[in-house]
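This report refers to the structure that appears directly beneath it.
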Amino acid sequence: LGNHDVYTGADQVAAGIRELTPIHLLRDSFVQLTIRDAPLWIVGIEDGGHGMADRGIESQALGRLASALPRMGDRIVLVHRPNYLPQIERLGFPLALAGHTHGGQVSLPMPVQHWNVARVMTPWTRGLITSGATRLYVNRGLGVGGIAMRLNCPREIGVLTLQPDNHDGVGE
């Protein structure tokens, strides 16, 4: 869940998702999927809903879940705020998916479109970011926050194709 879900009432939002959809909501928890006979661990971190410019934040739940995960298999973290990236990298997760910024929503035109109002909150406002061995994808999403407009920042539904790493730098 994200910060707006917390403002609305996280338990009520979770109950609605549970009752009205087949979605398995991860609230500071993880689930194992099996793909081609190999485990894939999906970790979901719930947003605390506090603060906008939250640089340097850490999640106690993420640390706890990282310790509880088996070392065998790939791992993906679903986290609302991209500012958890340093902790995600330190804990050794190869991939994290985030949102929160709406991609900046109002941005300067090309080639500096990453200069946008979300830079107040985070240096990671949209797209694919690589930090050490960790990749973070920050989705622009469909909605808006604050003013009801987007400028040089179109809405996005991301479709990501994951490929296993065969440890020689070339995907299969």
Side-chain angles (χ1 to χ4, degrees), residues 1-10 12-14 16-17 21 23-28 40 42-63 65-66 74-163 165 169 171:
L1 297 175
N3 58 309
H4 292 276
D5 301 313
V6 173
Y7 306 151
T8 302
Q12 293 86 344
V13 171
I17 290 171
T21 76
I23 295 170
H24 180 102
L25 189 60
L26 297 173
R27 299 180 77 185
D28 293 344
L40 173 64
I42 310 291
V43 177
I45 301 302
E46 187 157 334
D47 192 83
H50 307 292
M52 291 291 284
D54 50 10
R55 295 172 189 250
I57 60 171
E58 295 213 350
S59 166
Q60 290 180 354
L62 183 57
L65 294 169
D74 288 317
R75 302 176 296 157
I76 298 173
V77 177
L78 308 176
V79 60
H80 187 66
R81 296 175 193 242
N83 281 352
Y84 289 107
L85 177 59
Q87 182 185 19
I88 291 166
E89 179 185 0
R90 190 177 68 250
L91 292 171
F93 287 96
L95 178 63
L97 306 177
H100 186 54
T101 66
H102 302 266
Q105 195 171 316
V106 175
S107 301
L108 295 175
M110 293 287 275
V112 291
Q113 75 275 12
H114 285 277
W115 289 101
N116 55 60
V117 295
R119 290 273 177 187
V120 172
M121 295 186 293
T122 181
W124 309 294
T125 62
R126 67 168 88 159
L128 183 63
I129 295 102
T130 300
S131 182
T134 298
R135 291 185 179 172
L136 167 70
Y137 187 78
V138 183
N139 188 282
R140 294 187 306 260
L142 298 174
V144 294
I147 58 171
M149 68 174 283
R150 285 180 172 264
L151 181 64
N152 296 315
C153 183
R155 299 171 192 273
E156 172 184 38
I157 296 175
V159 178
L160 306 175
T161 302
L162 303 177
Q163 296 181 340
D165 185 356

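Values below: every heavy atom of this structure, side chains too, minus hydrogens, waters and symmetry copies. Not measured: the values here are computed from a predicted model. One is the number of the first residue; the rest follow in order along the sequence.
D47 places no side-chain N or O within donor-acceptor distance of the main-chain N or O of V6, the cut-off being under 3.5 Å. Between the side chain of R81 and the backbone N or O of G48 there is no donor-acceptor pair closer than 3.5 Å. R75 contributes a side-chain N or O that, together with a main-chain N or O of G92, makes up a donor-acceptor pair within less than 3.5 Å. Although no hydrogens or angles enter the test, the distance criterion places no donor-acceptor pair under 3.5 Å between the side chain of E58 and the main chain of Q87.
Contact check for L162 versus I76: side-chain heavy atoms found under the 4.5 Å cut-off. Under the 4.5 Å side-chain criterion, counting only non-hydrogen atoms from C-beta, L160 is in contact with L97. Residues H4 and V13 have side chains not in contact (no heavy-atom distance under 4.5 Å, counting atoms from C-beta outward). You'll find the side chain of L62 reaches within 4.5 Å of the side chain of V77, heavy atoms only. Inter-residue side-chain proximity for L65 and I45 is flagged as met; some heavy-atom pair is nearer than 4.5 Å.
Note that CD1 of I17 and CD1 of I23 are 6.0 Å apart. Values are rounded to the nearest 0.5 Å. Here D5 contributes atom CG and N3 contributes atom CG; the two are 8.0 Å apart, rounded to the nearest 0.5 Å.
By the ring-ring contact (aromatic ring centres under 6.0 Å, His included) test, H80 pairs with H100, sequence neighbours left out. A search for side chain to side chain donor-acceptor pair (under 3.5 Å) contacts involving R27 returns D11, E46, not counting sequence neighbours.
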Enumerate donor-acceptor pairs with a distance under 3.5 Å from any side-chain N or O in residues 136-146 to protein atoms, sequence neighbours excluded.
from: Y137; atom 1: OH; to: E156; atom 2: OE2; distance (Å): 2.3
from: N139; atom 1: OD1; to: G141; atom 2: N; distance (Å): 2.5
from: R140; atom 1: NE; to: P154; atom 2: O; distance (Å): 2.6

